[in-house]
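Reading through the structure tokens given below for one structure.
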Amino acid sequence: PPPPGASTANGSATLPTWVGQSSTEPFSVQAFLTQRAGPTENAASLYPVGLAMISRDMGGPSAAQLDSRIASLSNLQALAAGQVASAEIRQLVASASPAMKKIDEAQSKLQCVFPTELTVDAQLPHAMAARTLARLTCLELADARTSGDFDQAEAAIRRCLRLSRDLRPRGPMVCQIVSMAIDGVVLGAIEQITLRDPKLTTAQCDRILALLVEHQQLGVDPFAEGLRMDYIMSRNSIHDLQTGRLTLAQLYEFMGGEPIDSSLLSGPTIMNFSAEVSACDRIYGLALKAASNPVARADEFASLHAELARMKADWDAFHTRLKATDPASRRNLVAEMPAMQFHVWIAGIEPSRQACRRIATNVAGLQMLLALRRFELANRRLPATLAEAASGTILKTVPIDPYSGQALQLVTIAGQPTIYSIGNDLKDDGGRIDWKQGTVPGDFLFVLNR
């Protein structure tokens, strides 16, 4: 069955009434939604059956119980250290095997588009449920390392990465964030469990590398896809506010944002809808233009940040005037009112961009860790350069650092080979300062622990 909140109309060629009415529409919404119509053979129609067996977000009490058990045992550090009983892991993986078979059945379909609603109150249970499979994958990799069954590990990685990719087409930014979170869990499990397996072979390194390269080649760009969908949902929200289907209070409730003026949430919605549409087109146009650059360094978002700052200044100035106006007379100021909905929607653009760069760097770093380990296994020594390690693999060349636009770099620190990206501060610290997932200035490190 389709996930709750699914819409057959929105999943087909039916378009929102506002499409094509704005001359400044940042991309062809009609072409985009037509391309994202659900295929005849759609994996999305089968996924809910499997996900409902293991996730509290889609299933009943038995699924919730299994979900809780998976969550309690899937701590990556404990699994990597062998602190979870192998028998307990195996029993839990066996309990989840019927769900994995259903997910494998869904993945026998070549395409997937989840036909969810295009509105801010759309339900996305499939995205939330998909996180359980990522945790289950950690358990499968631990079980495979114990049993020496690499085929099981490979199948688990393939299954989870495919589900991650299948969340992206026509998915709003929240789906893209879940997809990237799933990637992060799987990549971490490969690095801490599979890559450190003393029985790992060069052929197995090649097989994992092939899965990661396939993931890059077949996956939709999560940032650009999320921006397009969020633009559509934002424009739908403006339309829904204008028609009365949605109140401003409901919008803030659904989005989880702080109201810019709580007094505006009571009574009829007071907004300059023309200004809202214009601002929406402008902001998402600038964001999509910047997103088209594969490196997307901070300075290339300067125009977007400048526009956001200008819009905030315009609103702050108007807000001062608004507060000094009698509530009954506020409607007289509507024609002069600047856009305010951007406070809710666009706050997530920059964090989402950073998340996309982190996961892209994570993929590149793990690829080179695998290439480094493969070279060491084949030659009983470490390579002199990353290029030497990459040349004998499917990669051929060293992956690009999404932050610098240059190749990832290698340094040996305290006897440990360390691959690094310069990180978000765009400063090369020689791999000697760990940025701790972007929480402090430094480099994004990938250490070959054997």
Side-chain angles (χ1 to χ4, degrees), residues 16 18-33 118-120 122 170-177 221-242 246 248 251-252 254-261 264 269-319 322 334-357:
W18 52 263
V19 171
Q21 293 183 5
S22 170
S23 61
T24 56
E25 197 174 84
F27 62 97
S28 174
V29 174
Q30 179 174 352
F32 175 77
L33 290 179
L118 301 174
T119 55
V120 65
R170 205 175 177 276
M173 196 63 81
V174 65
C175 286
Q176 312 303 328
I177 294 296
D221 178 354
F223 187 50
E225 190 81 1
L227 283 175
R228 289 186 173 90
M229 280 301 298
D230 276 11
Y231 167 78
I232 293 170
M233 294 174 78
S234 183
R235 285 288 283 107
N236 263 342
S237 292
I238 296 171
H239 180 76
D240 287 343
L241 288 167
Q242 194 167 11
L246 193 67
L248 198 56
L251 175 65
Y252 278 102
F254 289 134
M255 295 299 296
E258 291 295 324
I260 52 181
D261 183 345
L264 293 175
T269 298
I270 303 175
M271 293 180 73
N272 182 341
F273 294 106
S274 176
E276 298 293 337
V277 170
S278 178
C280 189
D281 288 357
R282 228 172 28 251
I283 289 300
Y284 281 97
L286 287 169
L288 283 164
K289 181 180 179 182
S292 65
N293 186 306
V295 176
R297 292 179 59 172
D299 54 359
E300 289 157 351
F301 276 76
S303 296
L304 174 62
H305 293 155
E307 179 64 9
L308 295 179
R310 187 192 66 77
M311 289 173 64
K312 184 179 186 308
D314 287 349
W315 172 257
D316 289 344
F318 181 82
H319 192 216
L322 189 70
V334 168
E336 305 169 48
M337 194 174 190
M340 66 177 179
Q341 194 199 176
F342 74 93
H343 287 272
V344 186
W345 276 101
I346 64 180
I349 290 179
E350 181 62 18
S352 299
R353 180 177 76 94
Q354 295 295 346
C356 286
R357 284 206 293 181

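One-based numbering along the sequence shown.
When all heavy atoms are compared, the tightest approach of Phe27 to Leu288 is CD2-CD1, 3.6 Å. Ile283 approaches Leu304 most closely through the heavy-atom pair O-CD1, 3.7 Å. Nearest heavy-atom pair, Ala279 versus Met311, reported as atom, atom and distance to 0.1 Å: CB-CE, 3.5 Å. Of all the heavy atoms in Met173 and Gly226, the pair that sits closest is CE-C, 3.6 Å.
Cation-pi contact between Arg228 and Tyr284: absent, since separation from the ring centre below 6.0 Å together with deviation from the ring axis within 45° is not met.
The CZ atom of Phe254 sits 8.5 Å away from atom OG1 of Thr119, with the distance rounded to the nearest 0.5 Å. Summarising the geometry, atom SG belonging to Cys175 is positioned 10.5 Å from atom CZ belonging to Arg170; distances are rounded to the nearest 0.5 Å. Here the CG-NE2 distance, from Leu286 to His305, works out to 10.5 Å after rounding to the nearest 0.5 Å.
Listed by chain and residue number, Arg36 satisfy the side-chain hydrogen bond (donor to acceptor under 3.5 Å, both in side chains) test with Glu225 (two or more places apart in sequence, or in another chain). Looking at residues two or more places apart in sequence or on another chain, you find no side-chain hydrogen bond (donor to acceptor under 3.5 Å, both in side chains) involving Gln30. With sequence neighbours excluded, no residue satisfies ring-ring contact (aromatic ring centres under 6.0 Å, His included) with Phe273. With sequence neighbours left out, Asp314 forms a salt bridge (Lys or Arg N to Asp or Glu O under 4.0 Å) with Arg310. Considering only residues two or more places apart in sequence or on other chains, Asn236 meets the side-chain hydrogen bond (donor to acceptor under 3.5 Å, both in side chains) condition with Trp18. Every side chain to side chain contact (heavy atoms under 4.5 Å, CB included) that Ala355 has, sequence neighbours left out, goes to Ile177, Met180, Arg358.
Leu308 places none of its side-chain heavy atoms less than 4.5 Å from the side chain of Ile349. In this structure, the side chains of Phe318 and Met337 come closer than 4.5 Å at one or more pairs of heavy atoms. With a 4.5 Å cut-off on side-chain heavy atoms, Phe32 and Met229 count as touching. Leu241 is not listed as a side-chain neighbour of Glu276, based on a closest heavy-atom distance of 4.5 Å or more.
For the pair Glu25 (side chain) and Gly20 (backbone), a donor-acceptor distance under 3.5 Å is present. Asp281 places no side-chain N or O within 3.5 Å of a backbone atom of Pro26 that could act as its donor or acceptor partner. Between the side chain of Ser237 and the backbone N or O of Met233, at least one donor-acceptor pair lies under 3.5 Å.
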**Prompt:** Would Ile238 and Cys280 count as a side-chain contact (heavy atoms from CB on, under 4.5 Å) if you check the C-alpha gap in whole Å, the side-chain angles of each, and the deciding distance to 0.1 Å?
**Reply:** CA-CA 9 Å; Ile238 296 171; Cys280 189; 4.2 Å; yes
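Exactly one residue among Val29, Asp230, Val277, Leu118 makes a side-chain contact (heavy atoms from CB on, under 4.5 Å) with Arg235. That residue is Val277.
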